[in-house]
Amino acid sequence: MITLHDCLGLCDALPDEVAVVAAHEHLSDLIAAEKAHAVLQADWGGPAMRQMIRDQVHVAARKGDLNALRALTTLLHQAEDAHPGGVDRRRIGR
């Protein structure tokens, strides 16, 4: 049987990035690991992952959750380093 730990080992995303995808997309952690991996394989994956993290930063800020805000801001910086560049698919064709 494959576990979440196994999936995280096969995934290009950090465990905290998978948690962000799960929260952002309302998915289980296992399905979020699969989605995070698929997203990061696309040309637009880095920008998409960073945007999901930014969205969760805004959620934490609205709730006044300073601990989550700090953790997500740190994660955003890690994601910028881990997944630089990319093509923002929202800007293609503009």
Side-chain angles (χ1 to χ4, degrees):
M1 173 181 229
I2 192 165
T3 66
L4 176 59
H5 181 73
D6 296 330
C7 288
L8 291 174
L10 298 170
C11 182
D12 292 334
L14 300 169
D16 288 341
E17 289 173 327
V18 171
V20 164
V21 172
H24 189 270
E25 300 295 317
H26 308 284
L27 300 171
S28 71
D29 289 339
L30 193 60
I31 301 301
E34 181 181 352
K35 179 158 186 154
H37 177 74
V39 165
L40 290 173
Q41 299 308 304
D43 291 340
W44 46 265
M49 181 62 72
R50 293 189 301 270
Q51 187 59 51
M52 282 189 262
I53 297 168
R54 280 188 204 97
D55 291 346
Q56 294 307 115
V57 165
H58 293 295
V59 169
R62 279 195 309 271
K63 290 181 178 178
D65 187 344
L66 296 180
N67 290 331
L69 190 57
R70 282 188 208 102
L72 288 163
T73 301
T74 298
L75 180 61
L76 181 58
H77 294 301
Q78 292 171 337
E80 288 168 345
D81 291 338
H83 319 294
V87 178
D88 188 339
R89 65 183 174 167
R90 296 169 301 170
R91 303 202 188 285
I92 295 173
R94 284 188 182 181

Quick one: [atom1] on [X] to [atom2] on [Y], what's the gap to the nearest 0.5 Å?
{"X": "Lys35", "Y": "Met49", "atom1": "NZ", "atom2": "CE", "answer": "10.0 Å"}
{"X": "Arg70", "Y": "Asp65", "atom1": "CZ", "atom2": "CG", "answer": "9.5 Å"}
{"X": "Gln51", "Y": "Gln56", "atom1": "CD", "atom2": "CD", "answer": "10.5 Å"}
{"X": "Ile53", "Y": "Leu75", "atom1": "CD1", "atom2": "CG", "answer": "4.0 Å"}

* Asked: Nearest heavy-atom pair of Asp81 and Pro84: which atoms, and what distance?
  -> O-CD, 3.5 Å
* Between Leu72 and Val57, which heavy-atom pair has the shortest distance, and what is it? -> CB-CG2, 3.6 Å
Side-chain donor-acceptor contacts of residues 16-28 below 3.5 Å, not counting sequence neighbours, with atom names and distances?
unit_1, atom_1, unit_2, atom_2, d
Glu17, OE1, Leu14, N, 2.7
Glu17, OE1, His83, NE2, 3.2
Glu17, OE2, His83, NE2, 3.0
His24, NE2, Asp55, OD2, 2.8
Ser28, OG, Ile31, N, 3.3

